[in-house]
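Because the structure is predicted, anything quoted here is derived from the model rather than measured. The first residue of the sequence shown is numbered 1, and numbering continues consecutively from there.
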Amino acid sequence: MSGEKISENRIKYSKVVVGVFIFNDKCELFLMKSPKWQNQYVCPGGAIELNETIKDAVEREVKEETNMDIEDIELLAAVDGLGLEKVYSKPENHLIFLDHRAKVKKADKIKLNSEGTEYKWLEPQEWLKRKDIEKYTKKVIKEYLLNEENFKYKYKRALADYQNLIKQTAMEKQEFAKFSNEQMFLEILPVYDNLKLALKHAEKAQDNTDAITEGVKYVLKQFKDALKNMGVEEIETVGKKFDHHIMEAIEGKGEKVIKEVRQGYKLNGKVIAPAKVVVA
């Protein structure tokens, strides 16, 4: 059999290549427009060189085509690419795509080589809406990145949304803290003003202690009303049965309160200062 005859009957094999679907911290997917694929958007990738591991090929192709360094590399899918004559510029008509998912380490140093003319970062759902995306790339996004069984993208998207929610909530808390005491001050400021006014009257009244006493009583009542409006309640003690939940006995033994040494308070039903009492 002649050499020409052997060449004509030589079996042709499919070619194995890697593809890399790269995500950033916003869960956006990187695709680039490639002249080899009729200027449609595709993921970076290429052939596995002789004596090269699949992982090394993934990292090398991404570095050569985009200048990006990647991490968290994992196999996503093995996809048949058949009938490529009309969409691929090279003579192969059957490629086996070993597609991977990865995360970019830094997305600020991207530099395309001749394999790509421009690139975009979009969420996978947004890529599916475009008409300028290569069909096998679209197939992987639709069937592997976004299917119900592959939940990792959804998890990362939810995690990103949760982190944004935490940041927003923290900002709102800071804003709330600035003005949360506004109502309290509006309640107390009139009391403060009247206390100053009572002091002026006391200076003028000189020996008129009744006028001073009445002024102080009025201010005290006003202060009590203001505290009540803010949810502050005085704990009643004298003549009551001793209750260790709201009182603290500093002297005596027994179950009845005979004297109050210091007033106790509740805020919206919660004890914030137990009353100090004498029991007998």
Side-chain angles (χ1 to χ4, degrees), residues 10-124 126-128 130-147 150 152-153 156:
R10 187 182 301 277
I11 299 174
K12 292 184 178 180
Y13 294 95
S14 59
K15 184 177 181 180
V16 180
V17 297
V18 295
V20 194
F21 290 80
I22 306 169
F23 287 88
N24 60 18
D25 290 335
K26 298 178 182 179
C27 289
E28 295 171 327
L29 172 64
F30 173 93
L31 294 180
M32 63 184 191
K33 189 173 286 188
S34 173
K36 290 198 306 184
W37 293 91
Q38 294 188 344
N39 287 318
Q40 297 181 96
Y41 279 97
V42 297
C43 67
I48 303 172
E49 296 180 355
L50 190 64
N51 297 322
E52 184 179 42
T53 67
I54 296 174
K55 181 176 181 293
D56 288 342
V58 166
E59 293 176 330
R60 175 185 55 76
E61 287 290 342
V62 170
K63 188 67 175 178
E64 288 178 355
E65 295 181 10
T66 70
N67 195 44
M68 283 191 285
D69 294 312
I70 55 176
E71 59 186 356
D72 298 339
I73 302 168
E74 57 182 321
L75 180 65
L76 181 64
V79 180
D80 273 315
L82 294 167
L84 300 175
E85 295 88 349
K86 295 181 179 180
V87 294
Y88 190 49
S89 62
K90 292 191 174 182
E92 290 90 0
N93 62 1
H94 185 188
L95 296 178
I96 302 296
F97 300 104
L98 296 182
D99 289 320
H100 292 71
R101 183 206 333 260
K103 180 181 177 182
V104 62
K105 291 182 179 179
K106 290 185 179 180
D108 57 350
K109 296 182 179 180
I110 299 175
K111 185 177 179 181
L112 301 182
N113 68 359
S114 59
E115 298 280 338
T117 56
E118 58 182 273
Y119 67 88
K120 292 182 183 295
W121 292 96
L122 295 175
E123 291 191 353
E126 294 301 314
W127 278 118
L128 293 180
R130 299 181 66 96
K131 296 181 179 180
D132 53 355
I133 181 172
E134 187 272 324
K135 67 176 183 178
Y136 287 104
T137 304
K138 186 174 183 178
K139 174 184 176 71
V140 172
I141 294 174
K142 185 176 181 180
E143 296 185 9
Y144 295 94
L145 285 176
L146 295 180
N147 66 6
N150 196 324
K152 289 186 177 181
Y153 167 77
K156 291 178 180 180

How far does NZ of K105 sit from CD1 of I70, to the nearest 0.5 angstrom?
9.0 Å
Does N113 reach the main-chain N or O of E64 with its side chain, forming a donor-acceptor pair under 3.5 Å?
yes
N39: which of E134, K33, E118 passes side-chain contact (heavy atoms from CB on, under 4.5 Å):
K33
Using side-chain heavy atoms (C-beta onward) and a distance below 4.5 Å, is E61 in contact with V20?
no
Would V79 and Y144 count as a side chain to side chain contact (heavy atoms under 4.5 Å, CB included) here? Give the steps.
CA-CA 10 Å; V79 180; Y144 295 94; 4.0 Å; yes
Rounded to the nearest 0.5 Å, what separation is found between the NZ atom of K63 and the CG atom of D69?
3.5 Å
Taking the side chain as everything from C-beta on, heavy atoms only, tell me whether W121 gets closer than 4.5 Å to V104.
yes
Quick one: closest heavy-atom pair of T117 and P35, and the distance?
CG2-CG, 3.8 Å
For the pair D99 (side chain) and A77 (backbone), establish whether a donor and an acceptor sit closer than 3.5 Å, ignoring hydrogens and angles.
no
How long is the span from the CD1 atom in I73 to the CG atom in L75, to the nearest 0.5 Å?
11.5 Å
Before you tell me yes or no, could you show the steps for Y136 and V42 under side chain to side chain contact (heavy atoms under 4.5 Å, CB included), namely the whole-Å CA-CA distance, both residues' side-chain angles and the distance that decides it to 0.1 Å?
CA-CA 8 Å; Y136 287 104; V42 297; over 6 Å; no
Quick check: do F30 and N24 have side-chain heavy atoms less than 4.5 Å from each other?
no
Between E65 (side chain only) and G45 (backbone N and O only), is there a donor and an acceptor less than 3.5 Å apart?
yes
With a 4.5 Å limit on heavy-atom distance, are the side chains of Y119 and L112 in contact?
yes
Taking R101 first and then E74, would you say they form a salt bridge - that is, a charged N and a carboxylate O separated by under 4.0 Å?
yes
All heavy atoms of V62 vs all of M68, minimum pair found to be CG1-O, 3.6 Å
For the student: nearest non-hydrogen atoms of C27 and P124, plus distance
O-CD, 3.9 Å
Could you walk me through whether I133 and I141 pass the side chain to side chain contact (heavy atoms under 4.5 Å, CB included) check?
CA-CA 11 Å; I133 181 172; I141 294 174; 3.8 Å; yes
Under 4.0 Å between a side-chain nitrogen and a carboxylate oxygen: does that hold for D132 and R130?
yes
Check whether Q38 reaches the backbone of Q40 with its side chain - one donor and one acceptor, N or O, closer than 3.5 Å.
no
Could you go through the side chain to side chain contact (heavy atoms under 4.5 Å, CB included) check for M32 and E115 one step at a time?
CA-CA 9 Å; M32 63 184 191; E115 298 280 338; 4.2 Å; yes
Return the NZ to CG distance between K138 and L31, rounded to the nearest 0.5 Å.
12.5 Å
Output for pair (L145 CG, L128 CG), nearest 0.5 Å, gives 9.0 Å
Just one of K142, K120, E28 clears the side-chain contact (heavy atoms from CB on, under 4.5 Å) bar with W127, so which one?
K120
The reported gap from CG in N67 to NZ in K106 (rounded to nearest 0.5 angstrom) is 12.0 Å
A side-chain contact here means heavy atoms from C-beta on lying under 4.5 Å apart; do I96 and D80 qualify?
yes
Identify the heavy atoms of E59 and K55 that sit nearest to each other, and give their distance.
OE2-NZ, 2.9 Å
